[in-house]
Structure formats: structure tokens, C-alpha cells
Protein chains: 2
Amino acid sequence: METIEQVLESKNIRVTAMRMLIYKFLAEKDVAVTLSDIENAFAKSDRTTLYRTMKTFEDKAIVHQIDDGTGITKYALCEQGCNCDIKTDLHLHFHCNNCKETICLTDHKIPQIKVPNGFVSENVNLVVKGICDKCSS
Amino acid sequence: METIEQVLESKNIRVTAMRMLIYKFLAEKDVAVTLSDIENAFAKSDRTTLYRTMKTFEDKAIVHQIDDGTGITKYALCEQGCNCDIKTDLHLHFHCNNCKETICLTDHKIPQIKVPNGFVSENVNLVVKGICDKCSS
DNA sequence: AATAAAGTGCAATGGAAGTGCATTTTTAAC
DNA sequence: GTTAAAAATGCACTTCCATTGCACTTTATT
């Protein structure tokens, strides 16, 4: 089991108190979070710091952004072995219309999408909306 | 060939000069447009009017919103026979990373997406990003 | 023509993303 | 250890888009 310090160091990210806290917060969540979610969890910290921290985490492939159609950017930790950095790890996201949470369905890969002749596919964003397992039971 | 008036009337939308102009503008475009695009095309009109017009059009299934990940809502006319109103017409959208335009690939249906047990899929948003036919040639 | 209903325009608000700069903290060099 | 450089943080601000309230105008109805 890696410590948070080790995770950050292995990705060449400087270890700071704030970053460890943010990482811990993300790790405890099983749903994608917004900047405001993080902001509310750390009343002490500034939005800008969180914003830039997430940007750093994203650059280093520790988190990935999720656009679930709510208009608000969400973030989630990349899974072990996730290849978000090379843009080919295309798992899909599920947004619950009931509880409004968004989660990664990491082990559900996006099927190959056919595009017309002349079009080149580089990236795919797929969000399924509906009712999540917690809300449907 | 239906006139614009007939289209609007058939959808129970009151015909006004502004609405006809907006419809015409949309019909001439083969790409999805933002509110600002429409705003710029009609310097005379107010953003609010356009916003509410699009909302009306959307309610009546004349246009559908597109969230292509740019963070800005885009709109496109529904095709003849498009079932956007019943939320089952799931064609995909293509966003060009070069010219930044977004278009509907109306005849490319979204494949059936499997979700884990307990999850209920109601709706799917799929955006493919890459290079469009005009930019790749 | 009178009235009600719907559409339109102006002004303003709110939320989120993003930036510049000063300050603090961390790292590295001496 | 002290110091200089680099990176991180916090504050203030700006911008952009979505959205709403209210007054005014236009359209439909009788």
C-alpha cells in the first residue's frame, strides 16, 4: 500500500500539506467532485489553490476531468493503471438523474465508434444518464 | 416543402418575425451554433429573446441542445423525424479540434451501452472529438 | 376596439473559470 | 545553517455565459 506521499512523488509532484489533503479527500470519495465540493471540504483554503492543484493533478495524470453535462467540471482520481495521460483510456461515466452524482465506470470501456469517411476520431466523451445502483434499489 | 411558418405552426409555436429569422438562420447552418453566434447574426435582438426562443424551440423539439465539452451550450435543428422529444433519438455529435465546429452525425446511432447491474440507463450523451472532414482533407 | 396572453428588451444577478501579483513555503546551493 | 531561486498559495479581480424579474410591446381573442 503506497502512502499518499509516495503516490505524489512517483508522479513528480511536490508534496505539500494541501495536496495531501486534497488527494485524501478525492480518494475517500467514490463519486466525481466539483471544485466547490472540495472548496466546501476545506474552508481554510482558497479556490485558486484548489483549481491549480487539480490542474497539476490532471497534468500528471492523477485525476481526470469529467464533463457530465451539468456544465460544471468534475474531477475523479484516475484508477491504478488508468491511462488518462495518453488519452486512450476511455471509460465511461454515469450521471444519476436522481442523486445527481457522477461516477466512473472504469471497467466499462467505450465501444469503438464509427465516424464517417474523412472524419478522424481522437477522443470520445461518453456519459450515460439514468438511475444509479444506490437510487434504484 | 414546408414553409417556416408551417413548421412552427405544426409544432404549436406562435409565428413571430424573430422566430422565423432564427429558424432560418439555424436551417442555413450545418453546424451547431451557440447563443452568441445567433446574437451576432442579429445585432438588433436581445440575448434574452434568443435564449428564450431556443428554450421554446427545445421544448417543442425543433432544436436540441448539444454539450460538446466546450462548456458552451450549442444548438442544432432537429432533423426530420428526429425523436429528440422522446429522448430516444441518440445520434452522436462530432467536435472538430481544429475548426472547433460541432456537427450532428444524425445517421450514426449510438450503440447500446452496457451498464452494471443496478444501473438504469435513460439517456446517453456521446461526443467524438477529432478532425472533421473539411479539416482533414 | 378592448382585453388577455404571449413575446420581447433592458437591467441585473449568480456561478464558475481563469489570471496577475504579492506573499509564503519549499527546495537547492553555498 | 543561511541564502537565493523556484514553486505554491492566497487575494482581488475579470470575463463569460446562463438565467431571472420586470416593464413594455406585440399578437391573438372576443
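First the proteins, then the strands, lettered A, B, ... as listed; each starts at 1.
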Any chance you could list the contact pattern along nucleotides 6-18 of chain C? Use B for base contacts, S for sugar-phosphate-only contacts and - for none, protein heavy atoms under 4.0 Å, 5' to 3'.
SSBBBB----SSS

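- Every residue meeting the side-chain contact (heavy atoms from CB on, under 4.5 Å) condition with B:Thr16, not counting sequence neighbours, appears here in chain and number order: B:Met18, B:Arg19.
- Partners of B:Asp107 by salt bridge (Lys or Arg N to Asp or Glu O under 4.0 Å), not counting sequence neighbours: none found.
- If you measure from atom CD of A:Glu39 to atom C1' of D:dT9, you get 14 Å, rounded to the nearest angstrom.
- What separates CD of B:Glu5 from P of D:dA28 is a distance of 12 Å, to the nearest Å.
- With sequence neighbours excluded, no residue satisfies ring pair (Phe, Tyr, Trp, His ring centres under 6.0 Å) with B:His95.
- Connectivity analysis of hydrophobic side chains (ILVMFWY, heavy atoms under 4.5 Å, direct or indirect) links A:Val120 to B:Ile131.
- In the hydrophobic clustering (ILVMFWY side chains linked at under 4.5 Å, chained through shared members), A:Ile66 stands by itself.
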